[in-house]
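Notes to accompany the following structure.
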Amino acid sequence: MSNNDDYHLYVKFYPNSVIAEAFRSLRTNLVLTNIDKGLHSIVITSAERGEGKSTVCANLAVIMAQAEKRVLLIDCDLRLPSQDKLFNLPRNGGLTSIIGHLKEEGELIFEESLPGLTVIGSGPPPPNPSEFLGSARFRSFLRRAEKHYDMVIIDAPPIGLVTDAAILSSLVDGTVLVLDAQYGHRNVAIRAKAALDQVNANVIGVVLNNVRPEKSAYYAYKQGGGDYRAISEDGNAA
């Protein structure tokens, strides 16, 4: 891996890796699980800090865009944003600036960060993130974004630390909970699920992050080869 971005945007730089294949499976499961109701917006949160939910957000957004979906990724972790670093976004502007200057009418059109994918950073931190995310202006922005894009993915703070994720979960079609397989705690995960249930969040799945299978289990489809080959984590032949 040549730099930090290579590591975090795995599905972009290593499309044949077993990790990229896992994200394709996640994409398929999300679509098929909600095929009747339709899924236009999701919140991704975690039980605790450091479980990898922002990296999951970024890779899921890229893999959905690779399926020719129009995807909008919004960094709503206003207290500890990450997407500006992952996608090398300019620090000026962002969600809070957009909402501050949002007009009541007009179409939402932003510059794409990657083909099919638009990423909006958090912007300057507001004095009260919870009130900002629960405001009428933000809800109006989200409703218009859902009409303009095939999928809106929201990177939310950990549900176990602040109320922001609970507020956001009540505004979208589904919520995905990210848990760390190595360092996560069972009781914390149970409390996180209970917090989502309290706001009637539609929890559509759990992503178990940081799983470390045996190397012998690393298999993925090699495009163009017509068969299955063992590959390493970075997508090269083992």
Side-chain angles (χ1 to χ4, degrees), residues 4 8 40-58 60-61 71-111 113 117-149 151-178 188 191-203:
N4 197 46
H8 291 294
H40 300 291
S41 57
I42 60 173
V43 160
I44 297 182
T45 183
S46 58
E48 301 181 273
R49 179 179 176 180
E51 296 196 277
K53 51 91 179 167
S54 292
T55 305
V56 170
C57 281
L60 180 61
V71 181
L72 175 63
L73 171 59
I74 311 173
D75 194 344
C76 287
D77 192 341
L78 305 179
R79 305 167 194 264
L80 193 63
S82 301
Q83 300 302 333
D84 55 342
K85 298 176 183 175
L86 294 176
F87 288 94
N88 195 27
L89 301 176
R91 292 187 177 275
N92 57 337
L95 177 65
T96 55
S97 296
I98 293 170
I99 299 299
H101 298 87
L102 186 66
K103 297 179 180 179
E104 294 302 321
E105 302 294 336
E107 191 175 17
L108 297 175
I109 300 177
F110 303 113
E111 183 178 353
S113 302
L117 171 62
T118 300
V119 182
I120 297 178
S122 62
N128 191 327
S130 297
E131 289 185 0
F132 175 88
L133 296 171
S135 68
R137 274 180 171 255
F138 177 77
R139 293 198 301 272
S140 175
F141 166 79
L142 183 59
R143 297 286 88 84
R144 279 191 271 174
E146 288 173 332
K147 294 179 181 178
H148 187 74
Y149 292 90
M151 176 62 72
V152 178
I153 299 174
I154 294 177
D155 183 356
I159 183 72
L161 299 181
V162 290
T163 60
D164 304 15
I167 294 170
L168 291 166
S169 293
S170 68
L171 302 177
V172 298
D173 297 328
T175 298
V176 175
L177 183 62
V178 176
V188 175
R191 288 198 295 270
K193 176 62 166 58
L196 292 170
D197 290 341
Q198 287 179 353
V199 295
N200 295 318
N202 178 26
V203 181

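Keep in mind it's a predicted model, so treat the numbers as computed, not measured. One is the number of the first residue; the rest follow in order along the sequence.
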Distance in Å, [X] [atom1] paired with [Y] [atom2], rounded so as to fall on 0.5 Å steps:
X	Y	atom1	atom2	result
Phe141	Ile98	CZ	CD1	5.5 Å
Ile159	Arg191	CD1	CZ	12.5 Å
Gln198	Lys193	CD	NZ	11.0 Å
Cys76	Asp155	SG	CG	8.0 Å
Leu133	Leu95	CG	CG	7.5 Å
Leu60	Ile42	CG	CD1	5.0 Å

May I ask you to check whether over 12 heavy atoms, not counting those of Arg143, lie within 6.0 Å of atom CZ?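 Counting neighbours around CZ of Arg143, more than 12 heavy atoms of other residues, nucleotides or ligands fall under 6.0 Å, so yes.
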Residue that, paired with Ser169, satisfies side-chain hydrogen bond (donor to acceptor under 3.5 Å, both in side chains) out of Asn202, Asn200, Thr175: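 Passing option: Thr175.
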May I have the step-by-step check of side chain to side chain contact (heavy atoms under 4.5 Å, CB included) for Val172 and Leu142, ending in yes or no? CA-CA 9 Å; Val172 298; Leu142 183 59; 4.1 Å; yes
For the pair Thr163 (side chain) and Ala166 (backbone), establish whether a donor and an acceptor sit closer than 3.5 Å, ignoring hydrogens and angles.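 Not confirmed, Thr163 side chain does not pair with Ala166 backbone.
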Report yes or no: does Asp164 contribute a side-chain atom to a donor-acceptor pair with the main-chain N or O of Asp77 at less than 3.5 Å?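 Flag not set: sc Asp164 to bb Asp77 has no pair under 3.5 Å.
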With side chains defined as the heavy atoms from C-beta onward, is the minimum distance between Leu72 and His148 less than 4.5 Å?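 Answer no - side chains too far apart.
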Note, Pro158 side chain near Glu51 side chain (heavy atom, < 4.5 Å):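 Not touching, per the 4.5 Å side-chain cut-off.
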Indicate the atoms forming the closest heavy-atom contact of [X] with [Y], along with that distance.
X	Y	value
Ser46	Lys53	OG-CG, 3.5 Å
Ala156	Leu168	CB-CD1, 3.7 Å
Met151	Ser41	SD-N, 4.0 Å
Glu146	His40	CG-O, 4.4 Å
Leu78	Phe132	CD1-CD2, 3.6 Å
Val119	Ser113	N-OG, 3.4 Å

For Ser130 and Arg79, test the side chains for any donor-to-acceptor distance below 3.5 angstrom and give the result as yes or no.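 Per modelled atom types, Ser130 and Arg79 side chains form a pair under 3.5 Å.
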Test side chain to side chain contact (heavy atoms under 4.5 Å, CB included) on Thr45 and Leu177 and set out the steps. CA-CA 5 Å; Thr45 183; Leu177 183 62; 4.1 Å; yes
Which is it for Ser122 and Gln83 under the side chain to side chain contact (heavy atoms under 4.5 Å, CB included) test, yes or no, and what are the steps along the way? CA-CA 8 Å; Ser122 62; Gln83 300 302 333; over 6 Å; no
